[in-house]
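Only this structure's heavy atoms are used, side chains among them; waters, hydrogens and symmetry mates stay out.
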Amino acid sequence: MQLRHKFFIAISLLTTVPLLILQFGVVERMEQEVQSRTEQELNASLDKMAGELKLILNNQKSIANGLSRVPAVKHFANSVVPKKADVYSKYANNLEHFFLNYQHSVPSIQALRFFDKTGKSLVKVKEGKPMEAKKFDPVNQRSYVADQSSKRFFKEALRTASEGKVVISDFELGQVNFGADFCPSMVRYSVPVRDELDQLQGILVVNMWGTRLDSAVKLTMSGYPTSSYIVEINDNKLRNGIYLYHSDNKKRFANQLNTDFRFSNEVTTEEWRRMKSSQSFGFTTPADGRMFFYKSISPFENRNTKWLLVIEASSEKIFESINNMRRSIWLLVGGLVFVSLLLAVWASGRLTKPVHRLAGIIHKFADGERGVRYQGPVNDEVGLAGKAFNYLTTTLEKTEREKEKAVRSACQSERLAALGQMAAGIGHEINNPLMNIMSLATLIEESLGREHDEAKNDLLLLRKEGLRCARIIQGILNFARENEPSYVPFNLTELIEETLDLLHHRIESSGINLIINIEKDLMMEGDAGMLQQVLVNVLLNAVQASTEKAEIIINAKEKNKKLVIEIIDQGTGIDVNDFTKIFDPFFTTKSEGEGTGLGLSVSYGIIKHHGGSISIENMEKAGVKVSITLPVKGEVEKKEIDFLESENVG
């Protein structure tokens with residue numbers, strides 16, 4: 001995965017996760033609270049609507065019940081019996097006038113009627129007008145307006161007359177005329193009228209306009225973005241689910257207008273079943289996003305018919321603010337994702353540029369450009385990586401140099417071993433004839449008289465040169481012979497001081513100043529004679545390389561259970577090209593006759609046999625430093641010693 005993709009994911013998560021938490025946590029919680037609050041408010045409205053409707057129905061029942069007890073009604077009811085036919089017309093006129101006057105004073109009354117026990121309306125006032133009795137009853141010898149004995153409301157009233165209760169009829173339209181836009185709805189209240197002996201005399205029917213019920217529904221929900229309905233729950237399939245009230249009059253009373261507008265068609269069968277069985281408040285949400293809050297009331301005491309008060313609300317309007325907030329959050333999430341993408345591209349570009357630069361440097365180094373280094377700032381992670389790369393390259397170069405040194409050291413050891421074997425063979429072959437030559441020269445010199453002084457001088461010179469050759473051959477044999485040193489404890493401090501005493505005259509005659517920094521009582525195990533030979537060789541080299549009034553520094557100390565000797569001169573130093581040859585036998589930079597070239601080779605062998613190391617390096621300004629490291633305790637068995645080859649630091 002590229003870095004810009006990681007940046008994009010990280011920034012997107014950091015910016016969008018809080019918004020998503022807000023979206024799915026806080027907003028969802030707010031939506032639940034809005035729904036709960038809406039449900040509480042609308043249930044309160046339903047409760048208020050139910051109270052208003054019950055109050056209207058009870059008031060109208062009280063009006064009907066009160067009318068059945070007024071004198072005009074009672075007198076007329078008493079005159080209905082045949083034996084009082086002589087006063088019937090008088091009381092009928094009085095009742096008609098009373099009905100007219102009362103209807104004018106109570107406009108909510110649509111009609112007032114008085115029925116005899118056979119269902120004939122004897123007196124009727126409708127909408128402020130008396131209805132003429134055009135039909136004649138031959139049995140009772142009187143006129144009547146209409147015969148309603150077959151009507152359901154009359155049968156129900158006659159059936160329950162013995163209970164003395166006001167009977168409420170179905171809430172329905174009045175006379176439905178074909179082609180009429182709408183006939184106002186009404187409710188009939190039937191009251192049994194009895195005499196002093198509790199004998200049924202007739203039925204008083206009061207028709208009330210349904211507009212008061214409609215107004216109660218409208219006023220209760222005024223100011224709310226909702227729709228309210230009154231739906232009838234009835235065992236009669238014709239009336240079950242019809243709208244008793246709807247803002248669209250065409251959808252009311254589907255049973256009378258022969259339409260399919262029923263609330264039961266607006267919900268599922270399961271939802272309608274649940275609504276019908278509800279005893280209190282309820283709530284349902286169809287799939288189309290509408291929300292129905294409902295409450296049932298029972299306006300009829302003697303029937304199983306109920307009215308379902310329904311408030312329809314749009315979830316889109318109720319949750320409009322929540323939905324707007326949700327859309328705003330999604331837009332913000334989208335915007336932040338886009339901004340995160342831009343930031344990821346910009347940030348990754350800023351960050352990957354030094355990374356790519358570092359990668360390029362690494363590739364160059366891998367391709368052989370060993371001198372390439374990271375040069376950028378180191379105040380960030382990339383800088384630290386660059387610094388680590390520089391450290392890595394430096395360490396690798398150092399390791400390669402050490403490897404080359406080790407290889408050269410191994411080659412040097414092999415070369416020295418080969419030369420040693422060859423020198424041993426040559427030394428033995430030359431040493432015997434040379435001894436013979438020197439012996440014969442001695443015999444000849446002894447046999448000559450004094451008169452042969454010139455010849456004796458020549459023989460003396462011959463013997464001196466022979467001795468010189470013998471010393472050279474002995475040095476070769478000592479170099480080639482790998483004799484184990486004799487390990488005994490001795491004081492290195494005293495050995496160095498004795499060596500300086502031996503060379504005191506040579507050093508003093510050369511005008512050289514000695515600076516001595518030697519720790520006291522540096523004890524070790526080793527061959528003191530062989531080590532003194534090493535010290536003499538190194539000190540003589542330093543004296544020969546130094547000029548008059550120069551300084552030679554001699555340091556000796558114990559470090560990490562090893563003894564370290566440093567001899568530093570102020571000569572001209574060693575040529576860089578000669579460093580690989582300084583330990584080779586017979587290699588010397590001195591003038592002819594001043595050295596054999598075996599001093600450092602022999603010294604190297606002695607130090608090696610003691611389990612130590614010797615290294616030579618040029619000083620920064622001038623001169624050479626020879627460092628000798630020896631173990632405090634000598635080793636009996638021969639071991640391979642790593643040779644630290646000379647290093648030119650000048």
Which value, rounded to the nearest 0.5 Å, describes the distance between [X] atom [atom1] and [Y] atom [atom2]?
| X | Y | atom1 | atom2 | answer |
| --- | --- | --- | --- | --- |
| Ser509 | Glu548 | OG | CD | 10.0 Å |
| Ile496 | Asp501 | CD1 | CG | 12.0 Å |
| Asn491 | Glu497 | CG | CD | 8.0 Å |
| Glu494 | Ile518 | CD | CD1 | 11.5 Å |
| Met530 | Leu535 | CE | CG | 12.5 Å |
| Asn537 | Gln532 | CG | CD | 11.0 Å |

Smallest separation among heavy atoms of [X] and [Y], with atom names:
| X | Y | value |
| --- | --- | --- |
| Gly611 | Pro631 | O-CD, 3.6 Å |
| Lys557 | Glu519 | CB-OE2, 3.2 Å |
| Ile607 | Ser613 | CG2-N, 3.4 Å |
| Phe490 | Leu495 | CE1-CD2, 3.6 Å |
| Leu563 | Met523 | CD1-O, 4.0 Å |
| Gly571 | Asp569 | N-OD1, 3.0 Å |

Short question: side chain of [X], backbone of [Y] - any donor-acceptor pair under 3.5 Å?
| X | Y | value |
| --- | --- | --- |
| Asn390 | Arg373 | no |
| Asn560 | Lys562 | no |
| Gln570 | Glu551 | yes |
| Ser36 | Gln32 | no |
| Thr493 | Leu522 | yes |

For Asn541 and Val624: C-alpha separation, side-chain torsions, deciding distance, then whether side-chain contact (heavy atoms from CB on, under 4.5 Å) applies. CA-CA 10 Å; Asn541 287 340; Val624 171; over 6 Å; no
Might you work through the side-chain contact (heavy atoms from CB on, under 4.5 Å) test for Ile516 and Leu500, ending with a clear yes or no? CA-CA 10 Å; Ile516 302 172; Leu500 292 175; 3.6 Å; yes
Carboxylate-amine/guanidinium proximity below 4.0 Å for Glu617 and Lys625: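 Judged by the 4.0 Å cut-off on N to carboxylate O distance, Glu617 and Lys625 do form a salt bridge.
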Please determine whether a side-chain nitrogen of the Lys or Arg among Glu271 and Arg290 lies less than 4.0 Å from a carboxylate oxygen of the Asp or Glu.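 Looking at Arg290 together with Glu271, the answer is no, because their closest N to O distance does not fall below 4.0 Å.
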Set out, in order, the CA-CA distance, both residues' side-chain angles and the distance that settles salt bridge (Lys or Arg N to Asp or Glu O under 4.0 Å) for Lys559 and Glu566, then state yes or no. CA-CA 13 Å; Lys559 183 179 180 181; Glu566 294 178 345; over 6 Å; no
Can you say whether the rings of Tyr487 and His610 are parallel (under 30°), tilted (30 to 60°) or perpendicular (over 60°)?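 Ring orientation, 0 to 90° scale: perpendicular.
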Working note: Leu531 + Met524, criterion side-chain contact (heavy atoms from CB on, under 4.5 Å); need CA distance, chi angles, decisive distance, verdict. CA-CA 12 Å; Leu531 291 177; Met524 67 170 289; 4.0 Å; yes
Can you find a pair of side-chain heavy atoms, one from Leu42 and one from Phe283, that are under 4.5 Å apart?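 Not touching, per the 4.5 Å side-chain cut-off.
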May I have the step-by-step check of side-chain contact (heavy atoms from CB on, under 4.5 Å) for Leu448 and Leu459, ending in yes or no? CA-CA 10 Å; Leu448 292 177; Leu459 290 172; 3.8 Å; yes
Looking at Ile553, Val626, Ile515, which one forms a side-chain contact (heavy atoms from CB on, under 4.5 Å) with Ile568?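 Exactly one option meets the side-chain contact (heavy atoms from CB on, under 4.5 Å) with Ile568, and it is Ile553.
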